[in-house]
Amino acid sequence: VFGLSSVAQVVLGRGDFGQHLSINLGFGIGVTLGIHAAGGISGAHLNAAITLTHCILGNLPWRKFPAYLVGQFLGSFTAAATVFGLYYDALYDYTKGNFTVTGPTATASIFATYPAPYISLLGGFFTEFMATAMLLLGILIIHDEKNNGALKGTQALLTGILVLGIGLGMGLNTGYAINPSRDLPPRVFTAIAGWGTDVFTAGHHWWWVPLTAPVLGSLAGVLIHKLFIDFHNQPVLESRNEKGQPVVESS
């Protein structure tokens, strides 16, 4: 809701009510609040690519994957419907009732991501791949207690700042979906709500890229962390002892 509504305000306000930075801040704030809301209940699985990665690595039972996926998709779909209702009058005034995916009054990008006109499909795929790899690498670093993990209670804020940083540096080409469950449900909603099947054919059938590239990027981020950081970490007790923290020995 925070992310999509910030895009809506920038687009429908014709730049008078926010800029690219406000969109990045909106998504960063939304991620932070989402982690606070669901962190203690489910581990705050807001991203289908990350959930799938945890299942592949054995950190999450496969039997939980469908429930997490359904929750993510329902939440994202409901968010799109909420923002549509919130800004329906503004949408109608901006488009004169003609909801389009491309053109001078295109509004589909409020809800789902689309590639920039200059970017190739391969270039867009690589952008989403790298952005998600950086997301996973950042999340693992924030939670890495064997290295220099974040202070307890600050992980949600730092993850929101991480998403903000990705948007600031890697949002130009594709709008940084970095999350299948952030992109597909709102795209389905727009297909139902009046934009039609163009949401799936635009950008050389772009819709499948935000589903696949984040999954591969997520796995790549885990591999990078494992090879260059985790394999070189010291055991937790030894690491804390060297940093001057008390070590408790147990029989």
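Values reported hereafter were calculated over all heavy atoms of this structure, with side chains retained and with hydrogens, waters and symmetry mates removed.
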Interatomic distance, [X] atom [atom1] to [Y] atom [atom2] [nearest 0.5 angstrom]:
{"X": "F200", "Y": "L184", "atom1": "CZ", "atom2": "CG", "answer": "6.0 Å"}
{"X": "I141", "Y": "I224", "atom1": "CD1", "atom2": "CD1", "answer": "10.0 Å"}
{"X": "L219", "Y": "L57", "atom1": "CG", "atom2": "CG", "answer": "7.0 Å"}
{"X": "L162", "Y": "L135", "atom1": "CG", "atom2": "CG", "answer": "5.5 Å"}
{"X": "L164", "Y": "T159", "atom1": "CG", "atom2": "OG1", "answer": "12.5 Å"}
{"X": "D144", "Y": "I142", "atom1": "CG", "atom2": "CD1", "answer": "11.0 Å"}

(request) Any chance you could pull the hydrophobic cluster mates of L74, using side-chain heavy atoms under 4.5 angstrom and chaining through other members? (result) V70

(request) Only pairs at least two apart or in different chains count here, so list each salt bridge (Lys or Arg N to Asp or Glu O under 4.0 Å) that has a residue in residues 180-203. (result) D183-R187

(request) Just grab all the side chain to side chain donor-acceptor pair (under 3.5 Å) pairs involving residues 33-49, residues at least two apart or on different chains. (result) H45-T51

(request) Not counting sequence neighbours, list each pair that qualifies as a side chain to side chain donor-acceptor pair (under 3.5 Å) and has a residue in residues 76-86. (result) none

Can you sort out the partners of [X] under side chain to side chain donor-acceptor pair (under 3.5 Å), two or more places apart, ordered by chain and number?
{"X": "Y87", "result": "Q9"}
{"X": "S181", "result": "Q72, N179"}
{"X": "K226", "result": "D230"}
{"X": "S218", "result": "T53"}

I'd like to know if [Y] and [X] are part of one continuous hydrophobic network [Ile/Leu/Val/Met/Phe/Trp/Tyr, side-chain heavy atoms within less than 4.5 Å].
{"X": "I161", "Y": "I29", "result": "no"}
{"X": "F189", "Y": "L91", "result": "yes"}
{"X": "M170", "Y": "L172", "result": "no"}
{"X": "L140", "Y": "I35", "result": "yes"}
{"X": "L158", "Y": "L151", "result": "no"}

Using residues 11-24 as the side-chain source, report each donor-acceptor pair under 3.5 Å to any protein atom, sequence neighbours left out, with the distance given to one decimal.
unit_1	atom_1	unit_2	atom_2	d
Q19	NE2	G15	O	2.8
H20	NE2	N24	ND2	3.4
H20	NE2	G167	O	3.4
S22	OG	Q19	N	3.1
S22	OG	Q19	O	2.6
N24	OD1	Y176	OH	2.9
N24	ND2	H20	O	3.3

(message) For a 4.5 angstrom cut-off between non-hydrogen side-chain atoms, does Y114 reach V199?
(response) yes

(request) Please tell me if the side chains of V7 and F27 come closer than 4.5 Å, counting only heavy atoms from C-beta onward. (result) yes

Kindly give the heavy-atom pair with the smallest separation between [X] and [Y], and that separation in Å.
{"X": "F73", "Y": "A48", "result": "CE1-CB, 4.5 Å"}
{"X": "A80", "Y": "L4", "result": "CA-CD1, 3.8 Å"}
{"X": "A220", "Y": "A133", "result": "CB-CB, 4.4 Å"}
{"X": "V101", "Y": "A108", "result": "CA-CB, 3.8 Å"}
{"X": "G203", "Y": "P115", "result": "CA-CG, 4.0 Å"}

Can you give me every donor-acceptor pair (side chain of residues 118-132, partner residue at least two apart or in another chain, under 3.5 Å) with its distance?
unit_1	atom_1	unit_2	atom_2	d
Y118	OH	N173	OD1	2.7
S120	OG	G123	N	3.0
T127	OG1	G123	O	2.9
T127	OG1	N173	ND2	3.1
E128	OE1	A177	N	3.3
E128	OE1	I178	N	2.9
E128	OE2	T174	OG1	2.5
E128	OE2	A177	N	3.0
T132	OG1	E128	O	2.7

Please output the side-chain donor-acceptor pairs of residues 58-67 that fall under 3.5 Å, not counting sequence neighbours, one pair per line with the distance.
unit_1	atom_1	unit_2	atom_2	d
N59	ND2	H54	ND1	3.4
W62	NE1	C55	O	3.4

(message) Check this for me: K96, atom NZ, are more than 12 non-hydrogen atoms of other residues, nucleotides or ligands nearer than 6.0 Å?
(response) yes

(request) Kindly check if the number of other-residue, nucleotide or ligand heavy atoms within 6.0 Å of NE2 (H204) is above 12? (result) no

(request) Using the test ring pair (Phe, Tyr, Trp, His ring centres under 6.0 Å), find all partners of F99 that sit at least two apart in sequence or belong to another chain. (result) W195

(message) Using side-chain contact (heavy atoms from CB on, under 4.5 Å), reason through T113 and W206 one step at a time and then give a plain yes or no.
(response) CA-CA 9 Å; T113 64; W206 168 258; 3.5 Å; yes

